[in-house]
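What you see is a predicted model, and the numbers here were worked out from it, not measured in a lab.
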Amino acid sequence: MKPNEIKTLFDYNFWAFERIWACISQLSDEQFIEDIDYSTGSIRNIVVHMMSANIRWASRLQNKDPQIHLAFEDFDTLTKTKAKWDELRKEFLDYLNSLDQAQLNAEVHWEIPTRGWKLDNPRWEILLHVANHATDHRAQILALLHHHFHVKTIEQDMIIYSVEQKQG
C-alpha cells in the first residue's frame with residue numbers, strides 16, 4: 001500500500017468513529033458504562049479497548065515495548081473518554097503522516113507472549129489490521145446501541161465517506 005492509501009483508510013476510520021460517537025453521545029454516562037453481557041462488557045469498554053489497541057499497535061510499529069492496556073475505570077464519563085480518543089487520534093495521525101513508502105514496506109517484528117506469537121509483518125499489513133479491528137468494534141457498538149439502548153444509528157460504510165469527500 002502507498003502512504004496516501006493508508007492515510008485515506010485512517011481518515012475514513014476516524015471519520016466513521018466520529019459518526020459512531022454521535023450515536024454514543026446520546027447515552028447518559030450511566031448507560032455508557034453499563035455492563036452488557038457482550039464483548040468487553042459495555043460501550044465504554046469497547047471504546048477503551050479500541051484506544052488500547054491503537055496505542056499498543058502504534059508502539060509495536062515504532063519498535064517500542066507495547067504499553068499496558070488502559071484501565072476501563074479511568075474513563076467513567078463520555079467527556080473523559082472522548083478527550084482521550086481525540087488525543088490518541090492526533091498522535092496516531094501524526095505517526096501515519098511521518099511514514100514513507102519504505103517505512104510502510106519495512107518488516108516489523110512483534111510479539112504477543114501470552115499467545116506465543118513472534119512474527120514479522122510489513123508495517124502496512126499491521127496498519128490494515130488496526131483499521132479492520134476498529135471496523136469490527138464499531139459494528140459491535142452500533143449493534144449494542146440499536147438493540148440494547150434503542151438509539152438511532154448510522155451507516156459507517158467507506159463508500160459513504162468517499163461520497164462525502166467528493167461532494168465536499
Side-chain angles (χ1 to χ4, degrees), residues 1 4-61 66-96 112 114-115 117 121 124-168:
M1 288 198 80
N4 64 323
E5 294 166 339
I6 287 288
K7 289 173 190 166
T8 298
L9 178 63
F10 278 91
D11 285 344
Y12 153 72
N13 191 50
F14 290 121
W15 168 90
F17 183 82
E18 292 303 318
R19 290 175 57 90
I20 304 300
W21 190 262
C23 298
I24 293 171
S25 66
Q26 296 175 55
L27 301 176
S28 67
D29 288 334
E30 292 75 24
Q31 291 171 313
F32 181 59
I33 66 172
E34 181 182 322
D35 190 41
I36 302 168
D37 186 23
Y38 180 76
S39 187
T40 58
S42 69
I43 301 288
R44 181 261 326 258
N45 289 6
I46 296 171
V47 173
V48 172
H49 167 76
M50 292 168 67
M51 291 190 300
S52 286
N54 281 0
I55 292 169
R56 293 175 61 78
W57 281 110
S59 295
R60 289 181 183 112
L61 289 167
Q67 298 180 15
I68 61 169
H69 292 281
L70 297 172
F72 297 135
E73 312 76 56
D74 291 344
F75 301 94
D76 57 347
T77 68
L78 292 155
T79 302
K80 284 182 193 175
T81 308
K82 184 62 163 69
K84 185 66 172 178
W85 178 272
D86 289 343
E87 172 191 326
L88 294 173
R89 178 188 65 219
K90 182 187 178 323
E91 289 174 12
F92 200 87
L93 289 173
D94 288 347
Y95 169 68
L96 281 179
I112 300 181
T114 57
R115 294 188 179 202
W117 292 354
N121 292 83
W124 66 264
E125 193 171 87
I126 294 170
L127 287 165
L128 285 180
H129 160 72
V130 172
N132 188 59
H133 180 256
T135 300
D136 176 44
H137 286 304
R138 287 193 310 269
Q140 290 176 348
I141 290 168
L142 286 170
L144 288 172
L145 288 170
H146 177 76
H147 295 293
H148 188 77
F149 294 108
H150 309 289
V151 169
K152 183 172 173 34
T153 58
I154 49 79
E155 295 178 292
Q156 64 163 336
D157 294 323
M158 189 167 185
I159 200 68
I160 297 169
Y161 165 80
S162 180
V163 167
E164 284 189 12
Q165 298 307 301
K166 286 178 179 21
Q167 291 178 344

(message) Please identify which of these residues, Arg89, Lys84, Lys90, meets the side chain to side chain donor-acceptor pair (under 3.5 Å) condition with Glu87.
(response) Lys84

(request) Using side chain to side chain donor-acceptor pair (under 3.5 Å) as the criterion, list what pairs up with Asn45, not counting sequence neighbours. (result) Ser42

(request) May I ask you to decide whether Asp11 forms a salt bridge with Lys7, counting only side-chain N to carboxylate O separations under 4.0 Å? (result) no

(request) Please tell me if the side chains of Leu127 and Phe92 come closer than 4.5 Å, counting only heavy atoms from C-beta onward. (result) yes

(request) Please round to the nearest 0.5 Å and tell me the distance separating atom CZ of Phe72 and atom CD1 of Ile46. (result) 9.5 Å

(message) With heavy-atom distances below 4.5 Å as the criterion, would you say the side chains of Leu93 and Leu96 are in contact?
(response) yes

(request) For the residue pair Phe149 and Gln26, establish whether any side-chain heavy-atom pair is separated by less than 4.5 Å. (result) no

(request) Could you name each residue pair satisfying ring-ring contact (aromatic ring centres under 6.0 Å, His included) that touches residues 21-43, not counting sequence neighbours? (result) Phe17-Trp21, Trp21-Phe32

(message) Just so I know, are the side chains of Met1 and Leu128 near enough to count as touching, which here means a heavy-atom distance under 4.5 Å?
(response) yes

Output side-chain donor-acceptor pairs under 3.5 Å for residues 134-147, partner residues at least two apart or in another chain, one line each.
unit_1: Thr135; atom_1: OG1; unit_2: Ala131; atom_2: O; d: 3.2
unit_1: Thr135; atom_1: OG1; unit_2: Arg138; atom_2: NH2; d: 3.0
unit_1: His137; atom_1: ND1; unit_2: Gln140; atom_2: OE1; d: 2.7
unit_1: His137; atom_1: NE2; unit_2: His49; atom_2: NE2; d: 3.3
unit_1: His137; atom_1: NE2; unit_2: His133; atom_2: NE2; d: 3.1
unit_1: Arg138; atom_1: NE; unit_2: Gln156; atom_2: OE1; d: 2.4
unit_1: Arg138; atom_1: NH1; unit_2: Asn13; atom_2: OD1; d: 2.6
unit_1: Arg138; atom_1: NH2; unit_2: Tyr12; atom_2: OH; d: 3.3
unit_1: Arg138; atom_1: NH2; unit_2: Gln156; atom_2: OE1; d: 3.3
unit_1: Gln140; atom_1: OE1; unit_2: Ser39; atom_2: OG; d: 3.1

(message) What I'd like to find out is whether the side chain of Trp85 reaches to under 4.5 Å of the side chain of Met50, using heavy atoms alone.
(response) yes

(request) To the nearest 0.5 Å, tell me how far Ile24 CD1 sits from Leu78 CG. (result) 8.0 Å

(message) Does this structure show an ion pair linking Glu73 with Arg44, if we count only N-O contacts that are shorter than 4.0 Å?
(response) no

